[in-house]
Amino acid sequence: MATCEVCGNSYGMTFEVHAQGAVHVFDCFSCAIHRMAPICEHCRVQIIGQGVEADGHWYCGAHCARAEGKVGIVDRV
Ligand SMILES: [Zn+2]
Ligand SMILES: [Zn+2]
């Protein structure tokens, strides 16, 4: 039994996420998303899908990248 690092819930069905050499433990996907998802730098929404990375900045989609002045960004569908 492990403890979710976000909400502290001890739960038999926790799962691990290995990212960038670290191991994170969560009890549910909403906690994992809360901890792992990058934040769109334009609209501040959490990026659950692929997102768009431009010049080291993360956006939820091409429309937000363009709104921040990043040109030539298109959504990958
Ligand atoms: Zn949790
Ligand atoms: Zn956005």
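All ligand and atom numbering here is 1-based and tracks the order in the structure. Hydrogens, waters and symmetry mates play no part in the numbers below; they use all other heavy atoms, side chains included. Here the structure is a predicted model, which is why all the values come from computation and not from measurement.
The backbone N or O of Trp58 sits less than 3.5 Å from a side-chain atom of Glu41, completing a donor-acceptor pair.
The two residues Asp27 and Cys4 come nearest to each other via the heavy atoms OD1-SG, 3.2 Å. Across all non-hydrogen atoms, the minimal contact from Ala2 to Thr14 is CB-OG1, 3.3 Å.
Excluding waters, the count of protein N/O/S atoms less than 2.8 Å from the Zn ion (ligand 2) comes to 4.
Applying the side-chain hydrogen bond (donor to acceptor under 3.5 Å, both in side chains) rule to Thr3 yields the partners Ser10; only residues at least two apart in sequence or on another chain are considered. The ring-ring contact (aromatic ring centres under 6.0 Å, His included) check on Phe29 picks up Phe15, with sequence neighbours excluded.
At a threshold of 2.8 Å, the Zn ion (ligand 1) has a backbone or side-chain N, O or S atom of Asp27 nearer than that distance. Taking backbone and side chain together, Cys4 holds an N, O or S atom under 2.8 Å from the Zn ion (ligand 1). With 2.8 Å as the limit, Cys28 does not count as an N, O or S neighbour of the Zn ion (ligand 1).
Applying the salt bridge (Lys or Arg N to Asp or Glu O under 4.0 Å) test to residues at least two apart or on different chains, the pairs with a partner in residues 2-22 are Glu5-Arg35.
To the nearest 0.5 Å, atoms NE2 (His57) and NZ (Lys70) are separated by 4.5 Å.
Taking the side chain as every heavy atom from C-beta outward, Glu53 and Tyr59 never approach each other to under 4.5 Å.
Remark: at the Zn ion (ligand 1), atom SG from Cys7 and atom SG from Cys31 enclose 120°, rounded to the nearest 10 degrees.
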